[in-house]
Amino acid sequence: MKILLVEDEQKLAEALKKGLEHEGYTADIINDGKKAFTRISLHRSDYDLVILDLMLPSMDGLEICKQVREMNITLPILILTARAETDTKVQLLLAGADDYLVKPFSFAELNARIQALLRRPSETLPETLTVGDIELNPAQRKVAREGKEVPLTLKEFGLLEYFMRHPNQVVNREDLLNHLWDFNYAGFSNVVDVHVKNLRRKIGDGENGSVLETVRGIGYRLAE
Ligand code: CA
């Protein structure tokens, strides 16, 4: 799960990013309103949620929210606001925000709101994803193969969840990088392959035939 964090208070943004990463999310920080709007317009599919501060340089959160909704982008938006007036709350919801949080707030509260928002669209999805003999429970962050639990790192879990949400589709490395690593990531481009290799080993792929295929020059495909 990847979150776009739009917040111009650098210290708060860094602290939130750290907290989110600790919870297993990937987060990108943007500290300017117009840049954030551009990012959302062009890269909406990279993100699962936007956390949007209300007071921002160049374009405020309310305007971003309105324009994003006008473009029919349904990405969940959680607004951070220092204002507590009732009319602001109404305005935020009218502008298409899914929820808001008044500063100062605890990280635990933010995390609870995020979980509630991320659960909402998946209510229609089964609680457990199943592909072949692999079962993955996103809420409990558990994976089992042939009923036996497989311990995975957060990145490996994220990769497997992504594959299981796109079964039988060729998933390219760039999609995986965009979805599971933040945009400041400047490491080796083979980072995806390294994590996939570890994931394969842990789920015992190849022992009874391969479910996670390499598609040469493109990426991977999880076969059902
Ligand atoms: Ca601000």
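Please read these numbers as outputs of a predicted model, since none were measured by experiment. Hydrogens, waters and symmetry mates are skipped; everything else that's a heavy atom, side chains included, is used. In each ligand, atom 1 is the first atom listed, and ligand 1 is the first ligand listed. Along the sequence shown, residues are numbered consecutively beginning with 1.
- The existence of a salt bridge linking Lys66 and Glu70 is excluded, since no basic side-chain nitrogen approaches an acidic carboxylate oxygen closer than 4.0 Å.
- The Ca ion (ligand 1) has Asp8 OD1, Asp53 OD2, Met55 O as protein N, O or S atoms under 3.0 Å away.
- More than 12 heavy atoms of other residues, nucleotides or ligands lie within 6.0 Å of CD in Gln169, so this atom counts as buried by the packing criterion.
- For Lys18, the NZ atom counts as loosely surrounded, since its 6.0 Å shell holds 12 or fewer non-hydrogen atoms of other residues, nucleotides or ligands.
- Within a 6.0 Å radius of NE2 in His43, other residues, nucleotides and ligands contribute more than 12 heavy atoms.
- For CE of Met55, the number of neighbouring non-hydrogen atoms (other residues, nucleotides, ligands) closer than 6.0 Å is 12 at most.
- The closest side-chain donor-acceptor pair between Asp48 and Tyr25, if any, does not fall under 3.5 angstrom.
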